[in-house]
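Lettering follows sequence order; numbering is per chain, from 1. Hydrogens, waters and symmetry mates are skipped; everything else that's a heavy atom, side chains included, is used.
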Amino acid sequence: MAMAETSKNFIYEIIDEELAAGKHPSIVTRFPPEPNGYLHIGHAKSICLNHGIARDYQGRFHLRFDDTNPTKEDTEYVDSIKEDVAWLGADWGKNLFFASDYFEQLYQWALHLIDAGKAFVCELSAEEVREYRGTLKTPGRESPYRHRPVEENRRLFEAMRAGEFADGAKVLRAKIDMAHPNMNMRDPVLYRIQHAHHHRTGNAWCIYPMYDFAHGQSDAIEGITHSICTLEFEEHRPLYNWFIENLPVPHHPRQIEFARLNLTHTVMSKRKLLQLVKEGHVTGWDDPRMPTISGLRRRGYTPAAIREFCSRVGVAKRNNTIDLALLEFCLRQDLEALAPRRMAVLDPLKVTITNFPEGTVERFPGPNNPGDPAMGEREVPLTREIYIEREDFLEDPPKKFFRLAPGVEVRLRYACYITCTEVMKDAAGNITELRAAFDPESRGGGTPDNRRVKGTIHWVSATENVPLEVRLYENLFTVPDPDDVEEGRTFLDYINPASLTVVQAVGEPALRDAAPGERLQFERKGYFALDPDSRPERLVFNRSVDLRSSYKPE
RNA sequence: UGCCCGAUGGUGUAAUGGUAGCACAGCAGACUCUGACUCUGUUUGUCUAGGUUCAAAUCCUAGUCGGGCAGCCA
C-alpha cells in the first residue's frame, strides 16, 4: 500500500535540526514494552513511529523489554509482544534487548551515585515515604536517613543485594530535592527489595531498579538517540536527564513525549482490557472485538492497514481521540485491492426459478476481483433453487428500492435476470419462499436488447453451497467515549449487547478453499476473514468490516 | 488554590510572521453487473481579551478550557 502523503511531525523536525547541527552520526530508536500484557492499537502507533523513524533515517530500531518488575511480568507476554511487533512489520533484526540484561550495570551505577553522595538507603516504610513526600501543593520533608555516611549507604545497599532484608524493609533513593515542585524529583526511589522470581534472571536478584532508574540508562547503554514516550512521562524528563547527567553513561539520549492514541467506541487501558477478558465480556485477548493487535489480526485486519492508520493519525502533543471510522477506512482501502470476491447469503430466503430445469447446474464465471483481472476468476453454480438475502426482497417496495419485488426484474450477479412472480407465506404472514422466472437470454448478466436492470443482488445455490457460521461484529461500546461515565456507572455499562451476532449462512462452493486467515469480500456484505475456530466441515468467518453504503432505507 | 503540557471544522492533522490546506466523517451528484470502488461538488475551523507588526493560527501578556503529576507500577 502506498504511504499517504504526510508532512513531518514535530519529532522529525527535532531530528532534522539535530542532524543538521551534527549531533548524531545515526539515529537509534526503540519500542520499550513491559511484558505484562498484550499489545493494542495504541502500541501500534508507538511501534510505527519508532520503527518508521529508524527506517526513514536509515538508523536502527530496537525492541527492548522493560522488565524491571518481576511480580507482574512473564515470558508469555514477551512471546506475544514479539509476535505482534513482527506481524506489524517492525523488524528489530538482531536488536532484541531486555532491561534485565543491564541489571549489573545499573547496580554499579547505583553504587556510583552512593559514592558521589547522591543516593542513600532509606528505611522509611512505604506509607512514611508517601507522607514525607508532601503533596502537590506543599513541599516534602527530608528522610531521617538522608544524611547517612557514604560508607554506611554502600554497606547497606550491598546487604540489600545480598538478600539480608525483607521485602519493603529498605529502598535506595536518590538525593535530589524534597521541596522540588516536580514530585518526581523529591528523592525518588531507585531500588526496592523484591524476593521474587524474574522471568529471565531467575533468583539472581532480590533488588530491582525502578522504571526511572532503568529506562534512561538502558537507552544510554543501547545508544538510543531519541527515547520517544507518551505524555505522562513528560514530568519524568527532568529526572531522566538528572541520571544521565550524574552518571558516567556512554551516551546521552533525549526523551521526547507525544500524545498516545485514543479511539472512539473502545477502551485502551490495560486494566480495562484485562477486566473485559477476566469477566468474560469478550472471549479473550484476541477476541475480534478487542482493540488488541491479536484481536485486530483475528478480526481480519492487515498489518498494512494498521500501518496506514498509524501514519494517518499523526503525531502531536495534544490529547486526541481518533474516529474508529478512520481505522475501518484504512482496512477497506487495503482489502478493496487484495481481497478476492465471493458470494454468501447471511439471511437466506429461498427462491425457486420456475422455468429453470430441475436437477441441472449452470456454471458462470465470476472475476475474483472485477478491478483486477490478474486475480483470475472462479465459477459459481446456478440451480433451480437458490437463496437470496432476505433484505433484498420487499413485497411493497418504496420508490428507490433497487432490489427484488413482485413483478420486478433484477440481476443475479454474474448469472442472469430474474423476475419475481409469486410470494409464498406461512399462516402468520411471514414470507417463506419466492418464485421467479429467469430470462434465458440474460445468461451471463446481459441481454441482446440491452435493457437496463437497476438492481444486482448476490445469491447462492440452495443445493450447491457450503454452510457457514458468520460472526458479525459491531462496536464493543455503544458510546464514543466509554471512559466518560455517568455518576454511578462504569464503562461496562456501555458495552454493546449487539457487539457480536452469530448467523448461520450459506456461501458459494469456492469458499471451501478458503485458507486460514484468508481475507475475502462477500459481495455487498463486507470483508470477512476465516477464523481459527474454522473446521473443514464448519467454516467460520469473522466480519472484519462492512462495506460503506449510501443506501438509506426510507 | 503547586508544577508541567496542550488548545486550528464533527474527528484528526498541516500552514514555522504573508492565500487557513489535507484526510476521515457528513451532505449532494455522476458512474456502476457490488447502493462497493472511482470521480465531482459541498457544509463546517484558528478558545477569549489585549498588545507587537504593513501583516498574527503563528510572537508577547493575561484569562478560559482540557490533560497529566503525590506507586517501593511502567
Side-chain angles (χ1 to χ4, degrees), chain A residues 4-9 13 32-34 36-37 66-69 71-73 122 124-126 129-131 133-140 167-173 180-186 188-194 207-208 210-212 214-215 229-238 257 259 264 270 312-330 332-333 336-337 341 343 366-367 369-371 400-403 410-415 417 444-446 453-458 480 521-526 546-552:
Chain A
E5 269 320 307
T6 48
S7 49
K8 291 185 171 183
N9 61 54
E13 290 186 359
E34 182 188 16
N36 71 341
D66 224 333
D67 55 349
T68 57
N69 187 353
T71 62
K72 293 189 174 176
E73 299 152 6
C122 182
L124 253 23
S125 69
V129 168
R130 191 186 328 122
E131 196 183 310
R133 187 153 35 222
T135 71
L136 294 175
K137 295 172 188 173
T138 59
D167 287 6
K170 293 177 173 53
V171 292
L172 182 71
R173 291 226 256 165
H180 200 108
N182 181 336
M183 300 291 278
N184 296 121
M185 301 298 272
R186 319 243 263 227
V189 172
L190 270 40
Y191 271 89
R192 75 285 212 187
I193 300 171
Q194 279 186 125
I207 56 171
Y208 292 91
M210 297 288 290
Y211 164 84
D212 286 306
H215 200 95
C229 62
T230 45
L231 253 29
E232 68 270 26
F233 291 101
E234 199 154 26
E235 282 197 284
H236 291 245
R237 195 171 62 221
E257 312 84 14
T264 61
K270 270 183 190 174
R312 280 174 179 261
V313 297
V315 177
K317 292 193 71 163
R318 92 178 92 153
N319 298 306
N320 61 80
T321 304
I322 310 294
D323 195 330
L324 188 57
L326 181 63
L327 216 209
E328 297 184 335
F329 166 82
C330 292
R332 288 194 193 102
Q333 179 182 264
E336 155 70 21
R341 310 296 120 124
M343 290 196 288
N369 187 337
K400 295 214 168 159
F401 185 76
F402 305 138
R403 307 179 189 184
V410 297
R411 173 165 36 229
L412 295 182
R413 187 139 166 94
Y414 304 134
Y417 297 172
V453 175
K454 191 63 189 171
T456 298
I457 62 176
H458 61 283
Q521 183 194 103
F522 289 172
E523 296 207 59
R524 304 208 305 137
K525 293 273 89 176
D546 58 8
L547 253 27
R548 266 185 80 208
S549 173
S550 57
Y551 173 58
K552 290 173 287 293

Item to complete: Answer with base, sugar-phosphate or nothing: what part of the nucleic acid does A:Arg548 contact at a heavy-atom distance below 4.0 Å?
Response: sugar-phosphate
Discussion item. Nearest whole Å is fine: how far is B:G12 C1' from A:Leu327 CG?
Written reply: 13 Å
Worksheet entry | Spacing of CG belonging to A:Leu124 relative to CZ belonging to A:Arg130, to within rounding of 0.5 Å | 11.5 Å
Item to complete: Tell me what A:Val171 touches on the nucleic acid: a base, only sugar-phosphate, or nothing, going by heavy atoms under 4.0 Å.
Response: base
Practice prompt. Please work out if A:Arg332 contacts a base, only the sugar-phosphate, or nothing of the nucleic acid, heavy-atom cut-off 4.0 Å.
Written response: nothing
Item to complete: Report yes or no: is the cationic atom of A:Arg524 (NZ for Lys, CZ for Arg) closer than 6.0 Å to the six-membered ring centre of A:Tyr551, at no more than 45° off its axis?
Response: no
Worksheet item: Are any of A:Arg403's side-chain N or O atoms less than 4.0 Å away from OP1 or OP2 of B:G35?
Response: no
Worksheet item: Separation of A:His180 atom NE2 from B:C3 atom P, in whole Å?
Response: 11 Å
Item to complete: Tell me what A:Lys270 touches on the nucleic acid: a base, only sugar-phosphate, or nothing, going by heavy atoms under 4.0 Å.
Response: nothing
Discussion item. Give me syn or anti for B:G71, where syn covers glycosidic angles within 90 degrees of 0.
Written reply: syn
Worksheet item: With respect to the phosphate group of B:A74, does any side-chain polar atom (N or O) of A:Arg192 fall under 4.0 Å of OP1 or OP2?
Response: yes
Worksheet item: Rounded to the Å, how far apart are A:Lys525 NZ and B:G35 C1'?
Response: 11 Å
Worksheet item: Which value, in whole Å, describes the distance between the P atoms of nucleotides B:A20 and B:U44?
Response: 15 Å
Worksheet item: Using Watson-Crick pairs (N1 to N3, plus N6-O4 or O6-N4) and G-U wobble pairs, both distances under 3.5 Å, which stems of at least 3 pairs involve RNA chain B?
Response: B:2-7 with B:64-69, B:10-13 with B:21-24, B:26-30 with B:38-42, B:47-51 with B:59-63
Worksheet, complete the sentence: Of the candidates B:G12, B:G2, B:G35, the side chain of A:Pro181 sits closest to B:G2
Item to complete: Could you tell me the separation between the CG atom of A:Asp66 and the P atom of B:G71, rounded to a whole number of Å?
Response: 20 Å
Worksheet item: Is A:Ala126 touching bases, backbone alone, or none of the nucleic acid, heavy atoms closer than 4.0 Å?
Response: base
Fill in: Donor-acceptor under 3.5 Å (A:Arg411 side chain, A:Gly445 main chain)
yes
Discussion item. If you compare every side-chain N and O of A:Arg318 against the phosphate oxygens of B:U13 (OP1, OP2), does one of them come in below 4.0 Å?
Written reply: yes
Worksheet entry | Touch class at under 4.0 angstrom, heavy-atom based, for A:Thr68 against every strand present | sugar-phosphate
Response to the item:
Against the side chain of A:Asp323, the closest entry in B:U34, B:G68, B:U11 is B:U11
Worksheet item: In whole angstroms, how far is the C1' atom of B:U32 from the CD atom of A:Glu523?
Response: 13 Å
Practice prompt. Would you indicate what A:Tyr191 reaches in the nucleic acid, counting non-hydrogen atoms under 4.0 angstrom: base, sugar-phosphate, or nothing?
Written response: nothing
Worksheet item: Which part of the nucleic acid does A:Val453 contact within heavy-atom distance under 4.0 Å: base, sugar-phosphate only, or nothing?
Response: nothing
Worksheet item: Hey, does A:Lys170 reach any base, or is it just sugar-phosphate, or nothing, if we go heavy atoms under 4.0 Å?
Response: nothing
Worksheet item: With a 4.0 Å cut-off on heavy atoms, is A:Leu190 in touch with a base, just the backbone sugar-phosphate, or nothing at all?
Response: nothing
Worksheet item: Does B:A36 have OP1 or OP2 sitting under 4.0 Å from an N or O in the side chain of A:Ser550?
Response: yes
Practice prompt. Give one of base, sugar-phosphate or nothing for A:Phe522, where a contact means two heavy atoms less than 4.0 Å apart.
Written response: nothing
Item to complete: Taking only Lys NZ, Arg NE, NH1 and NH2, and the carboxylate oxygens of Asp or Glu, determine whether A:Arg237 and A:Glu257 approach each other closer than 4.0 Å.
Response: yes
Fill in: Any donor-acceptor pair under 3.5 Å from A:Arg332 side chain to A:Asp546 backbone
yes
Practice prompt. Rounded off to whole Å, could you give me the CD-to-C1' distance for the A:Glu336 and B:A36 pair?
Written response: 7 Å
Worksheet item: So what does A:Asn182 touch, heavy atoms closer than 4.0 Å: a base, only the sugar-phosphate, or nothing?
Response: nothing
Worksheet item: Looking at side-chain heavy atoms only, is the closest gap between A:Lys270 and A:Asn36 below 4.5 Å?
Response: yes
Practice prompt. On RNA chain B, check which nucleotide each of A:Gly445 and A:Asn319 is closest to and give me the residue with the more 5' one.
Written response: A:Gly445
Discussion item. Is there, by distance only and without an angle test, a donor paired with an acceptor across the side chain of A:Arg312 and the base of B:U13 below 3.5 Å?
Written reply: no
Worksheet item: Between A:Arg524 and B:G35, does any side-chain N or O lie under 4.0 Å from OP1 or OP2?
Response: yes
Practice prompt. Would you indicate whether the side-chain heavy atoms of A:Asn182 and A:Pro238 approach each other to under 4.5 Å?
Written response: yes
Practice prompt. Pick the P atom in B:A7 and in B:U58, then give their distance to the nearest Å.
Written response: 11 Å
Worksheet item: Which value, in whole Å, describes the distance between the C1' atoms of nucleotides B:A14 and B:C73?
Response: 37 Å
Item to complete: May I ask you to decide if A:Gly168's main-chain N or O and A:Arg192's side chain share a donor-acceptor pair within less than 3.5 Å?
Response: no
Item to complete: Round to a whole Å and report the spacing from CG of A:Leu547 to P of B:U34.
Response: 11 Å
Item to complete: Classify the angle between the aromatic ring planes of A:Phe233 and A:Tyr211 as parallel (below 30°), tilted (30 to 60°) or perpendicular (above 60°).
Response: tilted
Worksheet item: Do A:Glu232 and B:G68 have a side chain to base donor-acceptor pair shorter than 3.5 Å?
Response: no
Fill in: Donor-acceptor under 3.5 Å (A:Asn369 side chain, A:Ala337 main chain)
yes
Discussion item. Taking B:G21 as the reference, what is the distance to B:A36 when you measure between their C1' atoms (whole Å, please)?
Written reply: 29 Å
Discussion item. Is the shortest side-chain heavy-atom distance between A:Pro32 and A:His215 below 4.5 Å?
Written reply: yes
Worksheet item: Does a distance-only test, which skips hydrogens and angles, find a donor-acceptor pair under 3.5 Å between the side chain of A:His236 and the base of B:A74?
Response: yes
Practice prompt. Using a heavy-atom cut-off of under 4.0 Å over every strand shown, decide if A:Phe402 touches base, sugar-phosphate, or nothing.
Written response: base
Worksheet entry | Contact under 4.0 Å: A:Arg133 side-chain N or O vs B:G71 OP1/OP2 | yes
Worksheet item: On RNA chain B, nearest-nucleotide positions of A:Pro370 versus A:Leu326: which is more 5'?
Response: A:Leu326
Practice prompt. For the side chain of A:Arg413, starting at C-beta, report the closest nucleotide among B:A70, B:U34, B:C73.
Written response: B:U34
Practice prompt. Write down the distance between CE (A:Met185) and P (B:A70), rounded to a whole number of angstrom.
Written response: 16 Å
